[in-house]
Student: 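I have a structure I would like to understand better, so I am pasting it below and will then ask my questions one at a time.
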Amino acid sequence: MTYTADLWWKNAVVYCLDVETYKDGNGDGIGDFRGLAQEVDHLHRLGVTCIWLMPFFPTEDRDDGYDITDFYSVDPRLGTLGDFVEFMRTARDRGIRVIADLVVNHTSDRHPWFEEARSSRDSAKRDWYVWRDEPEPFDPKGIVFPDKEDSVWELDEKTGQYYYHSFYRFQPDLNTGNPEVRDEIARILGFWMELGLSGFRVDAVPFLIEDINGDPHEFLADLRAFMNRRDGSSILLGEVNLPYPDLMKYFGDGNGDEVTLCFDFIAMQRFHLSMARENPRVLAEALRERPEPPDDAQWAMFVRNHDELTLDKLTDAERQEVFDAFGPDKDMQLYGRGLRRRLPPMLDGDTRRLKLAYSVLFSLPGTPVLFYGEEIGLGENLAGEGRMAVRIPMQWSPSGGFSPDPKVSVPSPDGRFGPRNVNVSDQRRDPDSLLHWMTLLIERYRESPELAWGSYEVLDTGDDAVLAHRADAEGGTVVAVHNFAGREAEVELVLKGLDHCDVLVDLLVDGTQELPPDGRVKFALEPYGTRWLRATTRDTAPEDSSAKNQ
């Protein structure tokens with residue numbers, strides 16, 4: 001523990017939430033920092049070690065908070081800087097770190113910087129943004145929101161020039177090639193780090209790669225160096241949805257001096273294809289293909305995030321397989337490349353498959369990241385526009401429990417995924433609930449440093465429906481086995497190099513498995529079954545509770 005404590009993020013449990021939809025503390029129907037502070041103990045009991053806050057800054061709220069008008073304050077709807085500090089204190093008291101979204105690709109067009117920049121071609125802040133007399137050529141396939149935008153250039157009629165916007169037209173891109181802009185961004189980081197943040201999630205990192213914005217890798221290295229000077233344990237979590245060879249550049253080309261963690265979008269998309277096929281072969285291929293990050297870097301693993309569930313790295317045929325299985329209606333799809341759904345409705349509420357999915361998440365090599373509500377199987381509201389379908393209020397009790405004012409009505413799923421059937425308070429009392437399963441997974445993950453720190457190997461299993469991999473570190477070995485199919489599977493593993501061990505101990509249930517001298521192990525897995533097994537000796541293995549009771 002003392003050796004690894006400064007690299008806390010390598011085996012962290014990251015929990016992403018939107019303050020606005022998490023818990024209302026003052027009864028106005030909008031989530032806020034006072035409400036969030038009251039529920040920190042829920043996250044502590046769950047085992048979360050790092051909270052990731054989606055944007056909470058002042059905003060025009062035309063893009064769910066990503067159109068920022070002030071990087072140095074809190075949106076008044078969510079509270080004050082004082083409320084933020086009290087939340088930070090509460091989280092720190094429970095040993096939970098906090099990171100926040102760093103949205104430095106762009107600002108709102110109502111931000112004072114842009115209002116000054118567009119006031120005149122001679123404005124002191126004109127070069128803080130990207131301007132051209134005529135639009136430059138662009139790839140239409142690169143438009144992020146094709147349902148809303150048809151160009152990445154927008155004419156500013158007052159000055160007669162076009163400004164560049166990677167996203168919506170009301171979000172002009174900052175010119176990060178400008179040294180003044182870089183200095184200001186560093187000041188923003190420094191400000192929030194002084195208030196206790198342990199790092200930042202960098203939004204849409206590849207969009208910093210545009211030549212018009214300068215060298216993005218120099219920019220990221222500068223940010224990381226600045227953060228290390230202020231706090232050597234701080235992190236940058238990068239949203240980098242690129243093929244592995246291109247993505248590796250954002251770790252710093254082997255130096256590990258840029259982004260600390262990168263989301264593994266490739267494995268995530270292959271995971272959903274594997275779930276649709278009930279065959280994990282494509283996920284196993286991704287894990288075998290995936291490069292090793294630098295020593296002081298890590299992959300971030302996730303099942304679901306706060307955006308659409310993008311499937312853009314699958315082929316058209318593969319993407320259609322996932323659509324057919326989990327989102328056959330056009331209203332469930334988004335931009336022709338992803339799903340605007342949460343996993344529980346995608347799996348029709350099948351608890352066995354949900355438990356399988358999260359067992360896979362916590363056992364795969366990398367740092368697990370949860371989206372709020374996943375621990376209880378929170379549903380979706382397809383009546384919400386676009387990605388807002390998954391950004392719904394958290395469900396705390398059978399009546400909802402989002403607000404202290406019972407008269408407050410918030411958009412929630414109907415039927416089986418409504419608050420009456422899916423909520424924290426009921427699941428806390430149910431030992432068979434998804435919440436208890438997630439808590440167990442997190443506890444065992446935190447007790448198994450091999451999963452986060454070790455080298456890993458995908459194993460042959462003798463059954464195409466079964467994914468098995470082993471993780472080895474400091475003489476310890478953990479093997480995770482998952483049956484993706486709705487039938488029983490017969491598994492045969494060959495575990496080499498474990499001559500000092502004679503027993504495999506189940507970590508998720510009570511039980512042990514003999515480990516013969518030749519390392520050949522056979523056992524059956526129930527439909528959608530999962531096992532985590534630790535190699536150990538008979539002398540140190542815990543005694544089965546069934547044996548104690550005989």
Side-chain angles (χ1 to χ4, degrees), residues 62-64 66-67 102-109 114 117 127-156 160-178 181 202-220 238-251 253 258-259 262-266 268-270 273 305-320 322-323 330 333-340 385-387:
R62 288 181 286 175
D63 184 22
D64 198 29
Y66 285 87
D67 52 324
L102 179 66
V103 187
V104 294
N105 313 75
H106 53 256
T107 68
S108 167
D109 60 1
F114 189 69
D127 193 45
W128 282 42
Y129 297 86
V130 181
W131 301 89
R132 294 291 183 270
D133 290 329
E134 296 293 336
E136 292 187 352
F138 64 92
D139 183 358
K141 294 181 180 178
I143 295 176
V144 177
F145 303 119
D147 62 331
K148 301 291 185 181
E149 302 291 346
D150 57 11
S151 175
V152 294
W153 294 96
E154 181 71 10
L155 177 64
D156 177 57
Q161 282 189 314
Y162 292 82
Y163 64 83
Y164 185 79
H165 60 92
S166 297
F167 297 89
Y168 293 112
R169 67 189 66 190
F170 53 80
Q171 293 168 324
D173 275 32
L174 282 165
N175 176 14
T176 54
N178 183 332
V181 172
V202 189
D203 183 49
V205 177
F207 287 96
L208 297 174
I209 203 168
E210 303 290 343
D211 291 339
I212 53 177
N213 283 348
D215 181 352
H217 297 292
E218 179 187 344
F219 172 50
L220 286 172
E239 182 187 36
V240 186
N241 183 12
L242 292 173
Y244 288 135
D246 298 324
L247 182 151
M248 293 301 291
K249 299 174 184 177
Y250 290 89
F251 279 128
D253 272 338
E258 294 184 27
V259 172
C262 277
F263 286 109
D264 188 350
F265 281 90
I266 304 297
M268 181 275 293
Q269 297 183 42
R270 300 275 188 91
L273 180 58
N305 63 9
H306 60 289
D307 289 327
E308 78 271 14
L309 198 167
T310 184
L311 304 168
D312 65 325
K313 296 299 183 290
L314 302 180
T315 66
D316 291 344
E318 290 171 339
R319 189 179 308 114
Q320 191 59 50
V322 181
F323 284 166
K330 286 293 184 182
Q333 304 166 17
L334 199 60
Y335 312 133
R337 64 176 184 241
L339 292 167
R340 59 191 209 101
E385 182 179 358
R387 297 174 294 177

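Quick caveat, the model's predicted, so the values are computed rather than measured.
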Student: Check V104 against T176 and note the closest heavy-atom contact, atom names and distance.
Tutor: O-CG2, 4.1 Å

Student: Looking at OH of Y335 and CD of E308, how far apart are the two atoms once the value is rounded to the nearest 0.5 Å?
Tutor: 6.0 Å

Student: Sequence neighbours left out, what passes side chain to side chain donor-acceptor pair (under 3.5 Å) with S108? Give chain and number order.
Tutor: none

Student: To the nearest 0.5 Å, what is the distance between OG1 on T315 and CG on L273?
Tutor: 8.0 Å

Student: So W131 and Y163, would you call those rings parallel, tilted or perpendicular, with 30° and 60° as cut-offs?
Tutor: perpendicular

Student: May I ask you to decide if V181's main-chain N or O and W128's side chain share a donor-acceptor pair within less than 3.5 Å?
Tutor: no

Student: Identify whether the distance between the nearest side-chain nitrogen and carboxylate oxygen of D63 and K148 falls below 4.0 Å.
Tutor: no

Student: Hey, could you give me the CZ/CG distance between R169 and L155, rounded to the nearest 0.5 Å?
Tutor: 11.5 Å

Student: Of L247, V240, N305, L311, which meets side-chain contact (heavy atoms from CB on, under 4.5 Å) against F265?
Tutor: N305

Student: Would you please name every residue forming a side-chain contact (heavy atoms from CB on, under 4.5 Å) with K313, sequence neighbours left out?
Tutor: N241, P243, I266, Q269

Student: Rounded to the nearest 0.5 Å, how far apart are NE2 of H106 and NE2 of H165?
Tutor: 11.5 Å

Student: Which pair of heavy atoms, one from F251 and one from V259, lies closest together, and at what distance?
Tutor: CD2-O, 3.4 Å

Student: Which pair of heavy atoms, one from G338 and one from F323, lies closest together, and at what distance?
Tutor: O-CE2, 3.6 Å

Student: Supply the atom-to-atom distance N105 CG to D203 CG, rounded to the nearest 0.5 angstrom.
Tutor: 5.0 Å

Student: May I have the step-by-step check of side-chain contact (heavy atoms from CB on, under 4.5 Å) for R62 and D109, ending in yes or no?
Tutor: CA-CA 11 Å; R62 288 181 286 175; D109 60 1; 2.5 Å; yes

Student: Any side-chain heavy atom of Y250 sitting closer than 4.5 Å to one from L242?
Tutor: yes

Student: I need the minimum non-hydrogen distance between Y168 and E149, along with the two atoms involved.
Tutor: CA-OE2, 3.5 Å

Student: Between E385 and D147, is any pair of side-chain heavy atoms under 4.5 Å apart?
Tutor: no

Student: Can you tell me if Y129 and T107 form a side-chain donor-acceptor pair at under 3.5 Å?
Tutor: yes

Student: Just checking, is any N or O donor in the side chain of D264 or Y244 under 3.5 Å from an acceptor N or O on the other one?
Tutor: yes

Student: Please report the closest heavy-atom contact between Y164 and S166, naming both atoms and the distance.
Tutor: CE2-OG, 3.3 Å

Student: Is it the case that the side chain of R319 and the backbone of L314 share a donor-acceptor pair, with hydrogens and angles ignored and the cut-off at 3.5 Å?
Tutor: yes

Student: If you count heavy atoms of other groups shown closer than 6.0 angstrom to CG of D150, is the number above 12?
Tutor: no

Student: Looking at R337 and T310, would you say the former's side chain and the latter's main chain have a donor-acceptor pair under 3.5 Å?
Tutor: no

Student: Indicate yes or no: at least one non-hydrogen side-chain atom of D307 is less than 4.5 angstrom from one of E239.
Tutor: yes

Student: Rounded to the nearest 0.5 Å, what separates atom CZ in F219 from atom CD in E258?
Tutor: 11.0 Å

